[in-house]
Amino acid sequence: MRGPHEPVEQVCARCKSKGTTIMNVFAAFQTRLEAVLLLLKEQGRLPASVEPSRAVIEPPRDPSHGDMAINAAMVFAKEAGMKPRDLAALIVAELEKDSSIVACEIAGPGFINIRLAPSVFDDALRALIADPQHFGRGAPRKGKVNVEYVSANPTGPMHVGHGRGAVFGDALASLLAFAGHDVTREYYINDAGAQVDVLARSVFLRYREALGEDIGAIPDGFYPGDYLKPVGVALVKHYATQLVDMPESEWLPRVRRYAIDAMMTMIREDLAKLRVEHSVFFSEASLREPLDAVKTTISALRAKGLVYDGRLPPPKGQVDAEWEDREQALFRSTEFGDDVDRPLVKSDGSYTYFASDIAYHASKYQRGFTTLIDVWGADHGGYVKRMAAAVNAVSDGKAVLDVKLCQLVKLMRNGEPVKMSKRSGDFVTLAEVVDEVGADAVRFMMLFRKNDAPLEFDLAKVIEQSKDNAVFYVQYAHARCFSIFRQAAQAFDGRRFTPSELLAADFDKLSDPDERRLIQFIAEYPRVIDAAAQAHEPHRLAFYLYDLASAFHALWNRGKDKGQAPLRFINQDDATLTVARLALVYSLMSVLASALAILGVSAPDEMR
RNA sequence: GGCCUCGUAGCUCAGUUGGAUAGAGCAGCAGCCUUCUAAGCUGCGGGUCACUGGUUCGAAUCCAGUCGAGGUCGCCA
């Protein structure tokens, strides 16, 4: 079994000298296209104002249109004062000088469809076979990226919704690292607010319970869950009866620290089950002590005129009897596009959560990060504008914040909703789900959906071994590749088919249109990585995997039909052909493994 | 009421940052199949991309408005 923890994060040292153009055929031709446009500019045949990078070269939707499509003629027609098709002709005349372009044709409103020599894609495959670990990776990029995800309150076990953000953030971080970014994975521990005091008091009840006291029903305003019982028991072991007679001001800090640590241990274990990792756990409390970074940050903003004392209009559309008009410290977030300025200090004098969060994000910037990605639940959507404003303010516009909102997860079983009663504190936890269906199923299904779309997660369907289950379908493609190699070894008296042998394969033997399509699909991998990383959308990789698996299964099935035996991957009478096909299978297998590793899903050798 | 995220086939969802005739899986219908790995395969039907305007060579995609779903609206985090 190939584990999901191959070193996808380590930037390959070879990237520096090698670059990506050899492997990314689309990037390579984008460069050539831009060179042509530049040349036309220099010759004065295109106005100086055209920006070559605005033109796009991409795989066409319809394969009959060729291998790549260029929209340049339409994009620049107006600036050039030419008809798109005339401009296209100009570009085509230059492109045709390229020996790897075997045909150019102008189609529709001015598309340039180009057909490439098969060797272009074959070379990409050779590059992949020569170095499967490297294929698709981006060259190292400037700037540090911080991905903050999970950041669940340390007050109880994680539920399924947390799991979605966890998997999303984890996969996004891996994806960005693979694409060449310097990525740090971070968890913000909310260990300074009122809710951890509630936690401490709830645990103190359990402590007394563990000492034999009858505590009765858990009162309102306390965390009722049974998961706190062991913490109470552990407290007894640690403190015996020492805490019982202390005043709250003395036991609370002790119990709080202990409880938070216990909760974080539990959360880390849950995350580990899901193969979700963080390299930095950042404590909110550490922003206050020993130095008050919140105060410092607010002062700095005040000095810039971005914090002032003022009054806020009461919220509209809802009557709030509690509303009291008062003067308070406000952050001028309207300066950066927010709707109202936001308070930093509560009526009791303590900081609002937002104040801490500004200091926290300032810390990220001070630690050298310029791209900040926060993964939040959709219920925090109303918070995005002010946070983006704050990041802008504390970094003087030098850092950008991208907040990825994850929608709710609806837990189902055989199409029926699974009941979750939160009131009793006895809801379905993430750990229970992972134990039931496995990390692979949870991870893949959560990534097989756009993050901002609601997700239905069916506990029964995700472990079904059938084509209807995307996890199985993709993993099975990988297992099938292995199976083909096992079969091949048997058919050719234990021959090994080493990578170096596959590298020397005769790719001309791969001439069936479906084979060629699969090769091109594999060659698209670096482009998919690049686009998904740029958009911060790991789900694109999951869909690519599914489509890739689908193309492979279809090809495999063709060999199953009567009279189509020559299409089978293994042909005992033709070793040259078999080696070529195995080279294709090996390439496919490598890409499947690579993409699955980024998503944190295992790539099994067999699925019996 | 303000703001945020959405609205695509009967259902669940993609849609390559504005490209050509909008795709896939279920479900439905029609055939085929006993295996290089068995948990099937192939094909067909199915659409006012919520609606109305606008931007331009070109819009599911961008902008404005309307309708609908969910979320959110100082002193929770």
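In what follows, chains are A, B, ... by sequence order, proteins preceding strands, each numbered from 1.
The phosphate of rG40(B) has neither OP1 nor OP2 within less than 4.0 Å of any side-chain N or O from Lys467(A). Distances shown here put a side-chain N or O of Lys346(A) below 4.0 Å from the OP1 or OP2 atom of rA77(B).
Among the protein residues, Val75(A) comes within range of the nucleic acid bases, having at least one heavy atom under 4.0 Å from a base atom. Note on Ala491(A): nothing from the nucleic acid sits closer than 4.0 angstrom, heavy atoms only. Arg540(A) comes within contact range of the sugar-phosphate backbone alone, with a heavy-atom separation under 4.0 Å but no base atom that close. Within the nucleic acid shown, Ala532(A) has no heavy atom closer than 4.0 Å to any nucleic acid atom. Residue contacts shown for Pro84(A) are absent, as no nucleic acid heavy atom lies under 4.0 Å away. No contact: Glu464(A) has no heavy atom under 4.0 Å from any strand. Residue-level contact check: Lys83(A) touches neither bases nor backbone, having no heavy atom under 4.0 Å from any strand. Counting any heavy atom pair closer than 4.0 Å across all strands shown, Tyr476(A) reaches a base atom. Across all strands, Asp191(A) comes closer than 4.0 Å to no nucleic acid atom at all (heavy-atom distances). If you check every strand for non-hydrogen atoms under 4.0 Å, Ala535(A) touches a base.
Remark: aromatic rings of Phe444(A) and Tyr546(A) are distant, center separation not under 6.0 Å.
rC11(B) and rG28(B) have their P atoms separated by 15 Å, given to the nearest Å. To the nearest whole angstrom, the two C1' atoms, one in rU8(B) and one in rG68(B), are 15 Å apart. When the P atom is used for both rC41(B) and rG10(B), the distance is 25 Å, rounded to whole Å. Rounded to a whole angstrom, the distance from the P atom of rC26(B) to that of rG43(B) is 13 Å. When the P atom is used for both rA9(B) and rA14(B), the distance is 12 Å, rounded to whole Å. If you take atom P in rG25(B) and the same atom in rG40(B), they sit 14 Å apart, rounded to whole Å. Here the separation of rA59(B) from rA50(B), taken at their C1' atoms, is 16 Å to the nearest Å. Rounded to whole Å, the separation between the C1' atoms of rA22(B) and rA77(B) comes to 42 Å.
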Every protein N/O lying under 3.5 Å from an N/O of nucleotides 5-14 of chain B:
{"residue": "rC6(B)", "atom": "OP1", "partner": "Asp452(A)", "partner atom": "OD2", "Å": "2.7"}
{"residue": "rU12(B)", "atom": "O2'", "partner": "Arg449(A)", "partner atom": "NH1", "Å": "3.2"}
{"residue": "rC13(B)", "atom": "OP1", "partner": "Pro454(A)", "partner atom": "O", "Å": "3.1"}
{"residue": "rC13(B)", "atom": "O5'", "partner": "Arg449(A)", "partner atom": "NH1", "Å": "3.0"}
{"residue": "rC13(B)", "atom": "O2'", "partner": "Arg449(A)", "partner atom": "NH2", "Å": "3.4"}
{"residue": "rA14(B)", "atom": "OP1", "partner": "Lys450(A)", "partner atom": "N", "Å": "2.9"}

Distances for protein N or O near nucleotides 58-67 of chain B N or O, under 3.5 Å:
none

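Thr155(A) contributes no side-chain N or O that, together with a main-chain N or O of Leu199(A), makes up a donor-acceptor pair within less than 3.5 Å. Checked by atom type and distance alone, the side chain of Asn469(A) pairs as donor or acceptor with a backbone atom of Glu464(A) at under 3.5 Å. Remark: side-chain polar atoms of Glu524(A) are not paired, donor with acceptor, to backbone N or O of Pro59(A) under 3.5 angstrom.
A cation-pi arrangement is absent between Arg386(A) and Phe331(A), since the terminal nitrogen or guanidinium carbon is not both under 6.0 Å from the aromatic centre and inside a 45° cone about the axis. Taking the ring axis of Phe26(A) as reference, the NZ or CZ atom of Arg527(A) stays within 45° of it and closer than 6.0 Å to the ring centre.
Closest contact between the side chain of Ala194(A) and the listed nucleotides rC36(B), rA77(B), rG15(B) involves rA77(B).
Salt bridge absent: Lys461(A) and Asp468(A) never bring a charged side-chain N and a carboxylate O closer than 4.0 Å. Using a 4.0 Å cut-off between charged nitrogen and carboxylate oxygen, Glu148(A) and Lys364(A) count as a salt-bridge pair.
In this structure, Phe111(A) forms an aromatic stack with the base of rA20(B), since both conditions hold: centre separation below 5.5 Å and plane angle below 30°. An aromatic stacking contact links Trp556(A) with the base of rC36(B), defined here by ring centres under 5.5 Å apart and ring planes under 30° from parallel.
Because its glycosidic torsion is more than 90° from 0, rU21(B) is reported here as anti.
Taking the six-membered ring where the residue is Trp, Phe448(A) and Phe543(A) present parallel rings, their angle staying beneath 30° rather than reaching 60°.
Here rA20(B) presents its C1' atom at 8 Å from CE of Met74(A), a figure rounded to the nearest Å. If you take CE of Met387(A) and C1' of rC4(B), they are 17 Å apart, rounded to a whole angstrom. For the pair Ile112(A) CD1 and rG19(B) P, the computed distance is 17 Å after rounding to whole Å. Taking atom CG of Leu87(A) as the reference point, atom P of rC57(B) lies 14 Å away to the nearest angstrom. When rounded to the nearest whole Å, the span between NZ of Lys461(A) and C1' of rG25(B) equals 11 Å. Spacing between atom CG of Leu408(A) and atom C1' of rG71(B) amounts to 8 Å, rounded to whole angstrom units. The NE2 atom of His380(A) sits 18 Å away from the P atom of rC4(B) (whole-angstrom rounding). Atom P of nucleotide rA39(B) and atom CD of Gln465(A) are separated by 11 Å, given to the nearest angstrom.
A 4.5 Å side-chain heavy-atom check between Val196(A) and Met263(A) finds every atom pair outside the cut-off. At a threshold of 4.5 Å between non-hydrogen side-chain atoms, the residues Tyr187(A) and Met264(A) count as touching. Using a 4.5 Å cut-off on side-chain heavy atoms (C-beta onward), Ile522(A) and Leu584(A) make contact.
More than 12 heavy atoms of other shown residues, nucleotides or ligands fall within 6.0 angstrom of atom NZ in Lys404(A).
In this model, a side-chain donor or acceptor of Asn71(A) finds a partner on the base of rG19(B) within 3.5 Å.
Projected onto RNA chain B by closest heavy-atom contact, Ala531(A) and Ser483(A) fall at different nucleotides, the more 5' of which corresponds to Ala531(A). RNA chain B is contacted by both Ile70(A) and Val345(A); Ile70(A) maps to the nucleotide lying nearer its 5′ end (nearest heavy atom per residue).
With a cut-off of 3.5 Å on both Watson-Crick or G-U wobble distances, the partner of rU52(B) is given as rA64(B). The nucleotide rU72(B) finds its pairing partner in rG2(B), both defining distances of the Watson-Crick or G-U wobble pair being shorter than 3.5 Å. Under the Watson-Crick or G-U wobble criterion, with both distances below 3.5 Å, rG19(B) is paired with rC57(B).
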